[in-house]
Amino acid sequence: MAQDKRSILVTGGAGYIGSHAVLALKDAGYNPVVIDNLVTGFRWAVPDDVPFYEGNVVDGALIAQIVKHENIVAAMHFAGSVVVPESVENPLKYYQNNTANSREFIEHLIHNNVRHLIFSSTAATYGIPEQMPVAEDCPQIPINPYGMSKLMTEYMLRDISAAHDFNFCALRYFNVAGADPQGRSGQSTAGATHLIKVAVEAALGRRDSIGIFGTDFDTKDGSGVRDYIHVSDLAQAHLLALQALMNNPQNSYTLNCGYGHGFSVIEVLDAVDRVTNAKLNRVIQGRRAGDPDALVADNRAIMAQFNWTPQYNDLDIIVTHALQWERILSQKNMA
Ligand code: UDP
């Protein structure tokens, strides 16, 4: 395996999105190699035949060893911290994990001649956009340290790619949801806060109710609108990005990853009710701090540049897969 030219280092490959990227890479015939410190990831989320290194992306000796031993040609950098309210409480953690550690990791890649990187950025870099759907060239004014910590890494990548023989693709994720259709992975973090995860937990009786955080937004029904994208479609976008980077070493890309249409909180909960044929216990609550009314991707750039063709652009399918994973997860937790 180590002789194969297509070994890809996946940081955070034991986490939610990273583990789906590993599956997509494997399914497409690449050799993913995972580095994960298992702070939030799960060892079982990485298939047994995928090389796994427990460690930190700032460990230069380890990165050098992996690159050499596994013959790494490109990296996907998922490792990082992702909880917005936590970033407000503890900005130092976010600037450490998402900004400073990314800088060191990129330096290790450059030193070891790994010339391509796909970076997990976020719609949170836009803050509260003036224009909807939001396009890549809209002003980026993050309203929390999470968004800022990712934006700073985007800036670093731009400058580093101009100075070195190195190109990157920053994918700005919108609301990632759902799970592997074959039930091999899914969102597994305990105490998750994301709407679809919380809603399927409530649907399976793990929570008494689901809160609707605000019904006075400037949206179709007053609840917040987001662009929910299936995690497996997002993983496919990473594969296309990888091919683009390797085929066009002079080009770098910064692209939104969303379907280009939004659903309100109430529409999402209606979808859960439809899929389960039951009724969630909904509790209307106040707004959560810092929530924009709507966040929907202008996705024309990724469609045009990568010919990305989502397979699961259907809210009921996203909910069905999230629910299927939640059932599998409870069996794992009981085992
Ligand atoms: N939301 C909600 N109840 C919940 C969790 C989220 O009403 O228990 C709303 C939230 O206010 C936002 C949308 O659902 O309008 C998506 O929130 P989520 O935390 O999933 O992602 P975010 O858009 O904040 O990254």
Side-chain angles (χ1 to χ4, degrees), residues 15-17 40 80-89 94 98 120-129 132-134 140 142-151 171-179 186-231 234 256-273 280-297 315 318-319 321-323 325-326:
Y16 173 43
I17 303 173
T40 53
S81 299
V82 298
V83 182
V84 171
E86 186 192 39
S87 79
V88 178
E89 303 275 313
Y94 280 69
N98 294 350
S120 305
S121 190
T122 168
T125 59
Y126 293 114
I128 301 182
M132 201 60 59
V134 55
Q140 288 174 289
I143 54 166
N144 50 58
Y146 170 64
M148 186 57 90
S149 68
K150 291 281 188 177
L151 179 58
L171 293 175
R172 294 185 186 146
Y173 307 162
F174 281 67
N175 287 61
V176 188
Q187 169 64 279
S188 309
T189 324
T193 58
H194 288 133
L195 179 66
I196 291 180
K197 172 79 175 169
V198 174
V200 297
E201 286 177 0
L204 293 181
R206 300 213 179 93
R207 296 173 185 253
D208 296 337
S209 61
I210 169 102
I212 300 175
F213 299 155
T215 49
D216 58 349
F217 288 103
D218 184 14
T219 59
K220 43 192 156 187
D221 59 24
S223 64
V225 166
R226 296 291 182 274
D227 187 338
Y228 295 92
I229 167 180
H230 193 292
V231 63
L234 182 63
N256 286 339
C257 252
Y259 291 145
H261 56 81
F263 291 102
S264 71
V265 172
I266 289 168
E267 286 174 328
V268 169
L269 302 187
D270 287 347
V272 176
D273 285 354
L280 285 166
N281 180 17
R282 307 173 185 197
V283 180
I284 292 176
Q285 299 179 1
R287 290 183 181 208
R288 205 171 52 175
D291 267 350
D293 300 56
L295 206 45
V296 176
L315 185 57
I318 293 176
V319 167
H321 292 163
L323 200 64
W325 175 251
E326 207 53 43

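Note that the numbering runs from 1 along the sequence shown for the chain. Small disclaimer: the values here were computed from a predicted structure and weren't measured. Whatever order the structure lists ligands and atoms in, that order sets their numbers, starting from 1.
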Problem set entry | Counterpart residues, salt bridge (Lys or Arg N to Asp or Glu O under 4.0 Å), relative to D218 (two or more places apart) | none
Problem set entry | Donor-acceptor contact below 3.5 Å, side chain D227 vs main chain Y259 | yes
Problem set entry | Whether K150 side chain and N98 backbone form a donor-acceptor pair below 3.5 Å | no
With the criterion set at N/O pairs under 3.5 Å, what does the list of contacts between the protein and ligand 1 look like, atom names and distances included?
{"from": "ligand 1", "atom 1": "3 (N)", "to": "G211", "atom 2": "O", "distance (Å)": "2.7"}
{"from": "ligand 1", "atom 1": "7 (O)", "to": "G211", "atom 2": "O", "distance (Å)": "3.4"}
{"from": "ligand 1", "atom 1": "7 (O)", "to": "F213", "atom 2": "N", "distance (Å)": "2.9"}
{"from": "ligand 1", "atom 1": "11 (O)", "to": "D291", "atom 2": "OD2", "distance (Å)": "2.6"}
{"from": "ligand 1", "atom 1": "17 (O)", "to": "R288", "atom 2": "NH2", "distance (Å)": "3.4"}
{"from": "ligand 1", "atom 1": "19 (O)", "to": "R288", "atom 2": "NH1", "distance (Å)": "3.2"}
{"from": "ligand 1", "atom 1": "19 (O)", "to": "R288", "atom 2": "NH2", "distance (Å)": "3.0"}
{"from": "ligand 1", "atom 1": "20 (O)", "to": "L195", "atom 2": "N", "distance (Å)": "2.8"}
{"from": "ligand 1", "atom 1": "21 (O)", "to": "N175", "atom 2": "ND2", "distance (Å)": "3.1"}
{"from": "ligand 1", "atom 1": "23 (O)", "to": "N175", "atom 2": "ND2", "distance (Å)": "2.9"}
{"from": "ligand 1", "atom 1": "23 (O)", "to": "R226", "atom 2": "NE", "distance (Å)": "2.7"}
{"from": "ligand 1", "atom 1": "24 (O)", "to": "R288", "atom 2": "NH2", "distance (Å)": "2.7"}

Problem set entry | Check: Q187 main-chain N/O paired with K197 side-chain donor or acceptor under 3.5 Å | yes
For this session: Evaluate whether atom CG of D216 has more than 12 neighbouring non-hydrogen atoms of other residues, nucleotides or ligands under 6.0 angstrom away.
Result: yes
Exercise. Do the side chain of T189 and the main chain of A192 share a donor and acceptor less than 3.5 angstrom apart?
Worked result: no
